[in-house]
Amino acid sequence: MIKKLLFPVTLIVTTLCLGQQRTIPIDTSVTTQHSVTINGSPVNYTATTGTQPVWDENGKPIAAVHYTYYTKNGVKDNTNRPLLFSFNGGPGSGSVWMHLAYTGPRILKIDDEGYPVQPYGVKENPYSVLDVTDIVYINPVNTGYSRTIPESGKEVDRDKFFGINADIKYLAEWMNTFVSRNNRWRSPKYIIGESYGGTRVMGLSLALQNQQWMYLNGVIMVSPADYKVIRVGGPVSSALNLPYFAAAAWHHKALPSSLQAKDLLEVLPTVEDFTINELIPAIAKGGFIGETEKNAIASKMAEYSGLNKQDILDHNLDVPTGFFWKNLLKDKGAYTVGRLDSRYLGIDKKRFGDRPDYNSEITSWLHSFTPAINYYLQEELNFKTDVKYNMFGPVHPWNNENDNTRDNLRQAMAQNPYLNVLVQSGFYDGATTYFNAKYTMWQVDPSGRMKDRFEFKGYRSGHMMYLRREDLKKANDDIRAFINRTTTKGASAKY
């Protein structure tokens, strides 16, 4: 059934097509009933999809945020039933990727490695974590069906939405309203964010505690983007890419036979050790490194990356990821490899160059995600609208100033002994690499006194590791185990 709109006149614009709305109501929901079999057991659940306002300081709605909320049926008391808030990244990405491919009760029709299959659509997710937690998928403003009020014009105060700290502030407030409306204050709470969503959930962990007085049991970062490293440049940022180079080269059988004969998890620790103890110091020396040392480092980098030694020397040991994607297989079929998942191959106009013509993996994913989310929300969840679902929305320019999210997470953990962190990354992700994620995890708490509350899990796939069926099961099992381990069941929050 559709709930009564609280502000029905604010955004309604009728069209000539059957009276459909070309804009989204700011406060509405549709509820449907479903069932899924998870790990062999049937789970009946309720899906509620709709919009909830973002309020300004005067109680005026300034945006409508679209969400989808799944609750397991038959739970008489949700006091001990966890609640998981899920975000994707971008910034500017809709909450579609993890919703329809990872933790939710329905996933894309794709093959076992994650490639599109026609006819497009969805199927049951036999590994969803809905058996152990209720889930809310949130589309930040201007993504999915979420929109500012009004949608455009000088009246839109973009500073309230489109920046690291603005994003965190309004979403924390929105989550407070959601928890109150749905009577979930007593439930154990978790937040999960993918890519830029990793930055978002690090910041939300403290904002929820200090601004909303909402304390979490867990923060889950999936292929997290840490802008204290990414796009910063310099010896650390550059060197941290090498273990990813090794993983992608291993997958494409581009390493020397002595390394190729080993399992990936035997190769990576050696490359990680070289990166931390030799490569970072070498790049830090810049033009003052000795020729003997520079050649020795380049030789090791070539051995571990599959790249040509002279190309590495020509880059002064600082090899851009774009060059790697373009040139790893230059002499092995001349394919490019994907940015977000280097298992994917592409074909460029020219064999030579500094970066690929396009990202082969994202074009593949948009193939299957875009038809599926539009079909699913409108036909299975019955949310009817003529509004376009923004896979990627207009959120730029994005204010990246005053990014203290890494320390926000540290402070939130220090204040809250219940709070634990799970980091999940694919070894073949070249955008937010797995070793970057490890480095971020190491840097959150320099004292090391809380390191037993961090957990890292790696997978043999890319940024969206859950697209590969084997990793879909493993990654969901890891979240399930994390939630079961961190719902404290009466233990006191104390050191």
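Hydrogens, waters and symmetry mates are skipped; everything else that's a heavy atom, side chains included, is used.
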**Prompt:** To the nearest 0.5 Å, what is the distance between NE2 (H396) and CZ (F392)?
**Reply:** 10.0 Å
**Complete:** Paired with T405, the side chain to side chain donor-acceptor pair (under 3.5 Å) test is passed by just one of D403, D407, N408, namely D403
**Message:** For Y45, give me all partners under ring pair (Phe, Tyr, Trp, His ring centres under 6.0 Å), at least two apart in sequence or on another chain.
**Reply:** H34, Y70
**Request:** Just jot down the ring pair (Phe, Tyr, Trp, His ring centres under 6.0 Å) partners of W325, sequence neighbours excluded, or say none.
**Result:** none
**Prompt:** Do any N or O atoms from the side chain of Q378 and from the backbone of T385 form a donor-acceptor pair under 3.5 angstrom?
**Reply:** yes
**Request:** Say whether, by atom type as modelled, one donor and one acceptor occur between the side chain of T37 and the main chain of G40 under 3.5 angstrom.
**Result:** no
**Asked** So which pairs with a foot in residues 481-495 pass salt bridge (Lys or Arg N to Asp or Glu O under 4.0 Å), sequence neighbours left out?
**Response** E455-R485
**Request:** Could you go through the side-chain hydrogen bond (donor to acceptor under 3.5 Å, both in side chains) check for T46 and Q33 one step at a time?
**Result:** CA-CA 5 Å; T46 299; Q33 298 297 320; 3.1 Å; yes
With sequence neighbours excluded, residues passing side chain to side chain contact (heavy atoms under 4.5 Å, CB included) with [X]:
| X | result |
| --- | --- |
| T79 | D77, R186 |
| E113 | D111, Y115, R343, R468 |
| K109 | K123 |

**Asked** Given Y67, which of F87, Y145, F178 fulfils the ring-ring contact (aromatic ring centres under 6.0 Å, His included) condition?
**Response** F178
**Message:** Could you tell me if the side chain of E401 sits less than 4.5 Å from the side chain of N165, heavy atoms only?
**Reply:** no
**Message:** Between E194 and Y466, does the side-chain hydrogen bond (donor to acceptor under 3.5 Å, both in side chains) criterion hold? Intermediate values first, please.
**Reply:** CA-CA 12 Å; E194 179 181 84; Y466 42 80; 2.6 Å; yes
